[in-house]
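What follows is one structure encoded as structure tokens, with my remarks underneath.
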2 protein chains.
Amino acid sequence: MYSAPQTEQATGFKTGRKAPNRHPVDGLDGFHSGTVRRIEAKEHVFCEGDPRTHVYRIEDGVIALSKVLSDGRRQIIDFAYPGDYIGLGMFGDHVFDAQATCACKVRCLPTSQLEHDAARDPALAFRLYNAVSAELSAARRLLVSVGQGTAMERIASFLIELKGRSGHLEEDLINLPMRRSDIADLLGLTIETVSRTLTKLRMMRVIEIQNGNDVRILDANRLEEIAG
Amino acid sequence: MYSAPQTEQATGFKTGRKAPNRHPVDGLDGFHSGTVRRIEAKEHVFCEGDPRTHVYRIEDGVIALSKVLSDGRRQIIDFAYPGDYIGLGMFGDHVFDAQATCACKVRCLPTSQLEHDAARDPALAFRLYNAVSAELSAARRLLVSVGQGTAMERIASFLIELKGRSGHLEEDLINLPMRRSDIADLLGLTIETVSRTLTKLRMMRVIEIQNGNDVRILDANRLEEIAG
DNA sequence: CGAGACGTTGAAGAAGGTCAATGCAAGTGG
DNA sequence: CCACTTGCATTGACCTTCTTCAACGTCTCG
């Protein structure tokens, strides 16, 4: 479950990513020196209860941060995309699971070193502050969507959020590198409702679905309208 | 809506507050020198779109942070209790409203000064980081509750959360310094469902309600069980 | 006192969940 | 190579939970 980080060159590092909603911390000191670990799809980076040994920077792929309840229900807290960090802003042991939705690469930095550095380097500490602030904003946006939105509204804002995050090849072509169940658990819905809602959006000619996991936005204005 | 801060002695500052869920930043530098502003119930400290001029430390009362959608739906993001800070972890203009649920006092510190200080003082920057991290944890706990919980589970965890936060005179006696509509908008429910659920908890002899706004927990174990 | 804000309760309706069947593509083993 | 399994997505029928709409009670404050 928690294999030792293996050193390796980071080959898949995308730099051209757009992220209007996030404020990624470019070049958090020390992150260029960390080792890179390869994570298989569905493999856990860490689990709830594990000691918080590292902070990870996603180099490639998508990691789902989630909380699993005792009866199996699961809430995904956030999807971490390349450039995002996971493991920041926590104290003591991990409170969430971090699981790869697809094959990933993450860069690892020992927590102790980071905290040690931050206590001495105001610029680093300030960047940590900004990184966590960005996560806070994202969590609150999601909360508004889940707390107030209908299924249709949640799916629409999810697609818009992803449009701003994922490294897509074409404008308006969004790759969904996760299963329906991941989307459902992010939005507080069931896979059936996610599926039905996507179908409805297809019928409305707002989106088009290619190969199951690639969503083409046909009517961006209408989608924004629906998202509220 | 945004009256000039008025200088005044902070008389109502409670120090004996317990907050197991939060990690308040005791003595954020500069906060002892800020002016104190009195806020009436339902008055806004700031609104969405206002320039982010100050960070506020709650001295007395409770402030609701919320997002109001175009059609009037509202999601409360957090309740800020004495010792908590609002206005941290944001960039540019305010994205949320901050509204007093009851008469409050807040201590004001100009944002520019704080950021100026933080860029030079690693200890301050690190405390800011911790303060925002605590908010992030709270937001994520709420998200799990709203995304996965039934009405009963949401209300139960809400009560438990408050038990850890509010400065209560007696153990197991929780004051609710907000209206039912505030609770509803926090938990993604309607006031009717909140009311019915509280009634159900009363019928189950898990809680007792005194004077409408004071909740006595009769069976804490059962309540934790229900919260999941 | 009367008006307004807030809370509670009931009845009816809708959105989404649950259960179940089907489809479909990618392995896997004979 | 083909039968079989397995994981994931879609769709339909039914049901539960929560919302909506409405009435009423209570309290406060002008």
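Chain letters run A, B, ... following the sequence lines, proteins first, then strands; residues in each count from 1.
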### Summary
Contacts of B:Gln148 meeting side-chain hydrogen bond (donor to acceptor under 3.5 Å, both in side chains) (sequence neighbours excluded), chain-then-number -> A:Gln75

#### Entry: B:Thr193: partners by side-chain hydrogen bond (donor to acceptor under 3.5 Å, both in side chains), with sequence neighbours left out
B:Thr190

### Task
Identify, with sequence neighbours excluded, every residue that meets side chain to side chain contact (heavy atoms under 4.5 Å, CB included) alongside B:Gln210.
B:Leu173, B:Glu208, B:Asp214, B:Arg216

Short heteroatom pairs, N/O only, protein and nucleotides 24-30 of chain D, under 3.5 Å:
none

### Task
Measure the spacing between OG of B:Ser157 and CG of B:Leu162 and express it to the nearest 0.5 Å.
10.5 Å

### Message
Suppose we screen for side chain to side chain contact (heavy atoms under 4.5 Å, CB included). Which residues come up paired with B:Ile217, at least two apart in sequence or across chains?
### Response
B:Lys163, B:Asp172, B:Ile174, B:Ala220, B:Leu223

### Salt bridge B:Glu135-A:Arg140, side-chain N to carboxylate O under 4.0 Å
yes

### Length of the CG-P vector between B:Asp71 and D:dT20, whole Å
11 Å

### Message
Suppose we screen for salt bridge (charged side-chain N to carboxylate O under 4.0 Å, His left out). Which residues come up paired with A:Glu192, at least two apart in sequence or across chains?
### Response
none

### Query
Which residues pass the side-chain hydrogen bond (donor to acceptor under 3.5 Å, both in side chains) test with A:Arg74, sequence neighbours left out?
A:Asp182, A:Asp185

### Message
Test of understanding: with side-chain hydrogen bond (donor to acceptor under 3.5 Å, both in side chains), list the residues that count as partners of A:Asp71, not counting sequence neighbours.
### Response
A:Arg73

### Query
For B:Gly188, which contact category applies under a 4.0 Å heavy-atom criterion: base, sugar-phosphate, or nothing?
sugar-phosphate

### Footprint string (nucleotides 7-16 of chain D, 5' to 3'): B base within contact, S backbone only, - free, heavy atoms under 4.0 Å
-SSBBBB---

### Evaluation steps, side chain to side chain contact (heavy atoms under 4.5 Å, CB included), between B:Tyr56 and B:Arg37
CA-CA 9 Å; B:Tyr56 305 89; B:Arg37 181 175 149 203; 4.0 Å; yes

### Summary
Taken to the nearest whole Å, CZ/B:Arg154 to C1'/D:dC18 is 9 Å

### Query
Considering residues at least two apart in sequence or located in another chain, which fulfil the side chain to side chain contact (heavy atoms under 4.5 Å, CB included) criterion with B:Asp219?
B:Asn221, B:Arg222

### Query
Taking 5' to 3' order, which nucleotide of DNA chain C is first and which is last to have an atom within less than 4.0 Å of a heavy atom in chain B?
C:dA5 to C:dA11

### Task
Could you tell me whether B:Arg57 and B:Glu59 make a salt bridge, using a distance below 4.0 angstrom between a side-chain N and a carboxylate O?
yes

### Query
When rounded to the nearest 0.5 angstrom, what is the spacing between CG in B:Leu189 and CZ in B:Phe158?
11.0 Å

### Query
Over its full length, what angle do the end axes of the helix from C:dC1-D:dG30 to C:dG30-D:dC1 make, each axis taken from five pairs and the result rounded to 10 degrees?
30°

